[in-house]
Chemist: 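Quick one: the structure is below, questions incoming.
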Amino acid sequence: MKDDNFLRANNAQHLWHPMGHPGDLRSHAPTIIMKAEGSSITDIDGHSTVDAVGGLWCVNLGYSNNAVKDAIAKQLYDLPYYSAFAGSTNPMAIEASYAVREFFAEDGMTRVFFTSGGSDSVETCLRLARQYHRLRGEPNRTKFLSLKKGYHGTHFGGASVNGNNRFRINYEPLLPGCFHMPSPYTYRNPFNETDPATLAQKIAAVMEDEIAFQGAGSIAAFIMEPILGAGGVIVPDASFMGLMRDICDRHGILMIADEVITGFGRTGDWSGARHWGVKPDMMSTAKGITSGYFPVGAALMNDKVADVFETAGEAGGIFHGYTYSAHPVGAAAVVACLAETLRLDTKSNAGPRGTQLYEGVQKLAERYDIIGDIRGGHGLMTGIEIVSDRAKKTPMDMATMKRIHKATYEAGVMVRLGMNNILMSPPLVITEDEVNVILAALDKGFAAA
Ligand SMILES: Cc1ncc(COP(=O)(O)O)c(C=O)c1O
C-alpha cells in the first residue's frame with residue numbers, strides 16, 4: 001500500500017464516491033478508514049471509534065470474524081470464479097442456497113436467486129414479479145406500489161419504487177406505473193395522525209383506494225421494508241405489515257419484503273417480516289448475508305411464486321442474472337457468515353443492545369430539546385430526528401448536523417447522517433460497554449450543537 005502522504009494527496013481526486021458530491025469531496029476529503037477490529041474502526045490519524053453505522057447497516061458480525069475471512073481466503077484458492085449461468089455451478093453456490101433457504105424457511109422462502117447486492121436483489125424481485133403474472137396469464141399486472149420514504153436501492157426499478165425524492169429527481173423519467181403510499185411515519189404524516197395504529201389504518205385505506213383507482217388487475221407487487229431504514233428508521237405499527245399483506249392477498253398482488261437491512265437479525269429476529277408475523281411472497285436481501293465481507297445479495301421466493309416458474313414450460317425461463325450471481329467466493333462467504341450468525345445467535349444480542357441504545361437516547365432527549373423524535377426499539381436500528389424547534393418540528397440545518405457528527409466522531413463514535421436524522425446500526429455483536437460509549441459520545445455531539 002502507498003504511504004499516508006500519497007493517500008491524503010489523492011483522496012477523492014480520482015474516485016467519485018457513491019452518494020457524495022464529487023466537487024465538494026475534492027476539497028473536503030472523506031475520512032480514510034485504515035483498519036477495523038471487533039466493532040471499532042481506525043482512521044488514518046490513528047483515531048479509533050466505535051462504528052455505530054456497522055459499515056453501512058451491514059457488518060453484523062463485527063470486523064474480526066476469522067471464520068468468514070478464512071472461508072473467503074480458502075475459496076479464492078479452490079475456485080476464485082466460475083459462472084453460474086445455466087449449465088454450470090459450483091459447490092459453494094449449492095451450499096449457500098441451502099443455507100439461505102434454511103435460514104428463511106420459517107418465512108416460507110424456498111428458492112434463492114443470488115445477486116451482487118441489495119439493488120440487484122430488489123431489481124430481481126421486481127422483474128420476476130412481472131414474469132410471474134405473465135406466466136399466470138395476467139400480463140397486464142405490471143405496476144408497483146411502495147411506501148414514501150422507503151429506500152430500495154439505485155437501479156432504475158429500485159429508484160422508481162423509492163419513496164425519497166432525492167434519489168429520484170436527477171434520474172427521471174423512471175419506470176412508469178409506480179405509485180407511492182404514505183409512510184407509517186407517526187412524527188410527520190399528511191393526516192397529522194399521532195397514533196401509530198390509526199395511522200396504519202389510514203394508510204391501508206389510501207392503499208385500497210389507489211388499487212381501486214389503478215385497477216387491481218394492473219398491479220404486480222407491493223414492496224416495503226419491514227422497518228424503513230435509510231428513510232430514518234421508521235418503525236410501523238405492529239399491525240401495519242399484516243394489513244398490507246391482507247390487502248395484497250385480496251387483490252392478487254405479490255408482497256415483496258425488502259429485507260436488505262432488516263434481514264439476518266438486525267431487528268432482533270432473523271427477518272423483519274417475521275418480527276411482524278408476516279410471510280411475504282418474495283424477499284430482497286443483501287448486507288448481513290455476508291456481513292459486508294463480500295458483495296452478495298439474494299432474492300428469495302416462496303412456493304407460490306416458484307411453482308409458477310417451475311411448471312411453466314419454456315416461458316418459465318429466467319432471462320435475468322448477473323456475472324457474479326452465485327460467485328463461489330461470495331457463496332463461501334454466505335455459508336460461513338450464516339453459520340457464524342447462527343452460532344453467535346446475533347439476533348439475541350440485537351434485541352437487548354437495541355433497547356439499551358433506544359432507552360439511552362430517550363434519556364438524552366430529557367436534556368437536549370434538539371431531539372425531536374427517537375425511532376427504534378426493535379433491535380439495532382435507531383434513528384434520532386434532530387430539530388431546531390421541538391414544538392414546530394423544524395428540521396435542523398445541515399451545518400449543525402455536521403457539527404454534531406464531527407463532535408460525536410471526535411468523542412469516539414462514528415454515526416451516519418440521513419438529512420436531519422442520526423442513523424445507527426452497529427454490529428450485532430456490540431457489547432453493553434460499547435453501547436455506553438455510543439451514548440456518551442452522542443451526549444458530547446448534542447452538546448456541540
Ligand atoms: C432496504 C434497502 N434496499 C436496497 C438497498 C440497496 O442495496 P445496495 O446498496 O447493496 O445496492 C438498500 C441499501 O441500503 C436498502 O437499505
Side-chain angles (χ1 to χ4, degrees), residues 17-20 53-60 113-127 129 144 146-164 166-168 171 174-175 178 180 183-185 221-236 241 244 255-267 271-273 275-276 280 282-300 322 324-325 327 330 333-334 337 375-376 378-383 416-419 421 423-426:
H17 285 262
M19 305 289 173
V53 190
L56 195 56
W57 320 81
C58 57
V59 185
N60 293 1
F113 189 102
F114 282 116
T115 72
S116 316
S119 298
D120 286 358
S121 299
V122 169
E123 197 75 5
T124 301
C125 288
L126 298 176
R127 294 182 64 156
F144 298 110
S146 59
L147 296 177
K148 286 187 177 152
K149 295 215 152 274
Y151 182 76
H152 303 291
T154 53
H155 291 352
F156 269 106
S160 304
V161 291
N162 261 353
N164 184 330
R166 268 160 68 82
F167 302 113
R168 304 165 51 87
Y171 311 103
L174 298 170
L175 209 58
C178 296
H180 303 77
S183 176
Y185 179 27
F222 166 68
I223 181 167
M224 69 170 276
E225 299 159 87
I227 293 177
L228 286 72
V233 186
I234 294 171
V235 183
M241 199 167 177
M244 297 295 118
M255 172 179 257
I256 305 168
D258 188 349
E259 300 265 8
V260 167
I261 289 176
T262 49
F264 306 102
R266 185 151 293 284
T267 65
S271 77
H275 197 73
W276 301 132
M282 304 171 100
M283 274 168 55
S284 43
T285 69
K287 297 193 190 271
I289 197 167
T290 57
S291 201
Y293 287 28
F294 197 90
V296 177
L300 316 177
Y322 308 98
Y324 300 133
S325 287
H327 191 293
V334 170
C337 178
R375 296 182 290 268
H378 298 267
L380 278 164
M381 296 176 76
T382 307
R416 182 170 154 71
L417 297 184
M419 300 302 289
N421 296 297
L423 306 175
M424 291 184 287
S425 52

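When a ligand or atom number is given, it counts from 1 through the structure's own listing order.
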Chemist: Would H155 count as a contact of ligand 1 if the rule is a heavy atom under 4.0 Å away?
Modeler: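 H155: no contact with ligand 1 (<4.0 Å).
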
Chemist: Who's the nearest protein heavy-atom neighbour of atom 10 (O) of ligand 1, and how far?
Modeler: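 Going atom by atom, the protein heavy atom closest to atom 10 (O) of ligand 1 ends up being G118 N, 2.9 Å.
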
Chemist: Taking N or O atoms only and a 3.5 Å limit, does E225 qualify as a polar contact for ligand 1?
Modeler: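 Among all N and O atoms of E225, none is under 3.5 Å from an N or O of ligand 1.
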
Chemist: Give me the residue, atom name and distance of the protein heavy atom closest to atom 3 (N) of ligand 1.
Modeler: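 For atom 3 (N) of ligand 1, the nearest protein heavy atom is D258 OD2, 2.7 Å.
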
Chemist: In this structure, which one of N421, L228, I227, I261 forms a side chain to side chain contact (heavy atoms under 4.5 Å, CB included) with V233?
Modeler: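 Option passing the side chain to side chain contact (heavy atoms under 4.5 Å, CB included) with V233: I227.
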
Chemist: Report, as yes or no, whether the 6.0 Å neighbourhood of atom CZ on F294 holds more than 12 heavy atoms from other residues, nucleotides or ligands.
Modeler: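 Atom CZ in F294 is crowded, with more than 12 foreign heavy atoms closer than 6.0 Å.
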
Chemist: N/O to N/O below 3.5 Å, does that happen between H152 and ligand 1?
Modeler: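 Checking ligand 1 against H152, no N or O pair falls under 3.5 Å apart.
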
Chemist: In ligand 1, which numbered atoms sit nearer than 4.0 Å to a non-hydrogen atom of K287?
Modeler: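 Here the atoms of ligand 1 in question are 13 (C), 14 (O).
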
Chemist: When you look for heavy atoms under 4.0 Å from ligand 1, do you find them on the side chain of W57, its backbone, both, or neither?
Modeler: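 Neither; nothing of W57 gets under 4.0 Å from ligand 1.
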
Chemist: Using a distance-only test with no angle check, is there a side-chain donor-acceptor pair under 3.5 angstrom linking T115 and S121?
Modeler: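 Their side chains do contain a donor-acceptor pair, which is all the 3.5 Å distance test asks for.
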
Chemist: Using atom types as modelled and distance alone, determine if a side-chain donor or acceptor of T267 lies under 3.5 Å from a backbone N or O of G379.
Modeler: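 No; judged by distance alone, with no hydrogens or angles, the pair does not exist.
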
Chemist: Among protein heavy atoms, which lies nearest atom 9 (O) of ligand 1, and at what distance?
Modeler: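 Ranking protein heavy atoms by distance from atom 9 (O) of ligand 1, first comes S119 OG, 4.4 Å.
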
Chemist: Is any side-chain heavy atom of F156 closer than 4.5 Å to one of L175?
Modeler: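 Side-chain contact under 4.5 Å: no.
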
Chemist: How many angstroms lie between atom CD1 of I223 and atom CE of M244, to the nearest 0.5 angstrom?
Modeler: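 Answer for the CD1-CE pair, I223 versus M244, is 14.5 Å.
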
Chemist: Between E225 and Y151, does the side chain to side chain contact (heavy atoms under 4.5 Å, CB included) criterion hold? Intermediate values first, please.
Modeler: CA-CA 8 Å; E225 299 159 87; Y151 182 76; 4.3 Å; yes

Chemist: Of all the atoms in ligand 1, which lie at a distance below 4.0 Å from a heavy atom belonging to G153?
Modeler: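 Close to G153: 4 (C), 5 (C), 6 (C).
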
Chemist: Which atoms of ligand 1 have any heavy atom of I261 under 4.0 Å away?
Modeler: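 Ligand 1 atoms under the 4.0 Å threshold to I261: 16 (O).
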
